[in-house]
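One structure is given below, encoded as structure tokens.
Numbers restart at 1 for each chain; the letters A, B, ... are given by sequence-line order, proteins then strands. The basis for the numbers below is simple: all heavy atoms, side chains too, and nothing from hydrogens, waters or symmetry mates.
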Protein chains: 2
Amino acid sequence: MSIIKDDPLKDDPAKKSRIDSILQSARKLVEEAGFSNLTMDTIARNAGIAKGTVYLYFKDKNEVLEKVLETGFERMFERVSRNVEKEIEPEDKLKTLIYTNLMYIKENKYFFRTVFLDEVNVIFLRKKSQESFNRRRQRYAEFISKIIKQGSDAGKFKKINDQLKLSYFLISLIKTSAIYNFLNHKGGLFADMAAGYEERIKEEAYEIFDMFMNGIT
Amino acid sequence: MSIIKDDPLKDDPAKKSRIDSILQSARKLVEEAGFSNLTMDTIARNAGIAKGTVYLYFKDKNEVLEKVLETGFERMFERVSRNVEKEIEPEDKLKTLIYTNLMYIKENKYFFRTVFLDEVNVIFLRKKSQESFNRRRQRYAEFISKIIKQGSDAGKFKKINDQLKLSYFLISLIKTSAIYNFLNHKGGLFADMAAGYEERIKEEAYEIFDMFMNGIT
DNA sequence: TTGACTTATGACCATATAGTCATTATAATA
DNA sequence: TATTATAATGACTATATGGTCATAAGTCAA
């Protein structure tokens, strides 16, 4: 059991800032070198503390990794759902979802690399954490699933048996598009967050939307 | 440099059978426990030889992993392309491609888990092998790309700028579908290779084809 | 200032495992 | 059969790293 979850002092600001600085350190290292090269010693040093100290705030390495993933996912999901819920029509919801998701990926290399590019991280987690990882994923898919149902009920999308599966399809299209552009523009997507940036992401989002709605014919 | 590639004696049947038995052992272990739990000692023991012996036939662990992946991919690619080339119309080619690919995944848990479910393996490979992994992937995407071009030129598919990207989309749909069914039928897809088996895969293939061609509207 | 309590430290331990190599077994050849 | 060449062995080394814990530093109330 982690201090984070169970310690009644979790609101102690000193404690919280230690935890944050550890997580921030881990996040930065993951961003730079990926999950596979993450060691407790490096995390500690990069946070300016000793290894033993990390264990005062986290049960084990796994808990650090999990928290890194969790916070990244939570942020994305909150942003996406906040934006999506402003829309009324299911088509607009999907468009907004795709766009916001892509934006988030572009702005958060580390999350992109860990959760999307590498699915990799999963195997570094213990069984229990794998489950929580899948649960998060599932939650996102279910969120999308409701939108599809709405469109389906309104007669805008065709009748679909397995809406959940389609949701996973959409997630994988978003992910694939991000990976593809990442690999084929040599990080350019990250390099130029400036001119025409949002415009290009809008185009990319539309491509995905069009693919998902109409296919290739 | 590996003995496999450079030794003029590579056609020595005794040598070849040793190599095969090592690869087969590794393949089986990957299938059972995944890449992350693969050790050289286990591979050797499972093949009924000593660890040192493995190093007489493979430069290092990485080379073993790479060969396992390579042979798996080659087999799939050959089977898919052989079947696809029997077809004439691009739609039929795509249908056949999806179906054959799914069949292969279903029949080869180990390959499915390593190359599709876990993309995981990639990080266990050294830089050089990552490249060869991506090259193989790219080769498959290019193969699909040609089919799409054919359909596009014939006016059957809409005009598409980036056919290669669409090919990656299709690959990810196939993969996602396989993962989804795997996770949601608790291995059932593997368990019952018997009655109605091919029929269900045909349905699954058609779903993907339909999604790719027509989207959800 | 003192002593009790909290927090931090990093040397150390335990473990896992890739890869080596002196030794031994087997096969080939004379 | 004796000699040489080749193949196989597995104990051993080297290294990496997660996690521990005795010790030290810091904090604070009395």
- Message: Can you tell whether the side chains of A:Lys149 and A:Glu142 come within less than 4.0 Å, N to carboxylate O?
- Response: no
- Should A:Lys202 and A:Glu207 count as an ion pair when the cut-off is N to O under 4.0 Å? no
- Within less than 4.0 Å of OP1 or OP2 of C:dA8, is there a side-chain N or O belonging to A:Tyr57? yes
- Query: Counting only N and O atoms by type, is there a donor-acceptor contact under 3.5 Å from the side chain of A:Ser177 to the main-chain atoms of A:Ile174?
  - Reply: no
- When rounded to the nearest 0.5 Å, the distance separating NZ of A:Lys28 from OG1 of A:Thr42 is 12.0 Å
- Could you state the CZ-P distance from B:Phe58 to C:dA18, rounded to the nearest angstrom? 15 Å
- Task: Round to a whole Å and report the spacing from CG of B:Asp41 to C1' of D:dG10.
- Result: 9 Å
- Item | A:Leu56 CG to D:dA25 P, straight-line distance once rounded to whole Å | 17 Å
- If you check every side-chain atom of B:Thr39, which of D:dA8, C:dT20, C:dT17 has the closest atom? C:dT17
- Query: Does a side-chain N-to-carboxylate-O contact under 4.0 Å join B:Lys106 and B:Glu198?
  - Reply: no
- Item | Spacing between B:Glu63 atom CD and C:dG19 atom C1', to the nearest angstrom | 14 Å
- Note on the structure: Separation of D:dG10 atom C1' from B:Arg45 atom CZ, nearest Å, is 10 Å
- When all nucleic acid strands are considered with a 4.0 Å heavy-atom cut-off, which category describes B:Ile43: base, sugar-phosphate, or nothing? nothing
- Message: Once you apply a heavy-atom cut-off of 4.0 Å, does A:Arg18 come out as touching a base, just sugar-phosphate, or nothing?
- Response: sugar-phosphate
So which protein nitrogen or oxygen atoms get under 3.5 Å of nucleotides 10-14 of chain C's nitrogens or oxygens?
none

- Message: From CE of A:Met40 over to P of D:dA16, roughly how many Å is that when rounded to an integer?
- Response: 19 Å
- Between B:Lys67 and B:Glu70, does at least one N-O distance fall below 4.0 Å, as a salt bridge requires? yes
- Please determine, for the side chain of A:Tyr55, which listed nucleotide (C:dA18, D:dA7, D:dG18) has the closest atom? D:dG18
- Query: To the nearest Å, how far apart are B:Ile22 CD1 and D:dA7 C1'?
  - Reply: 12 Å
- Message: Taking the minimum atom-to-atom distance to the side chain of B:Lys61, which one of C:dA18, D:dT20, C:dT9 wins?
- Response: C:dA18
- Quick one: are B:Glu32 and B:Arg27 in side-chain contact, heavy atoms under 4.5 Å? no
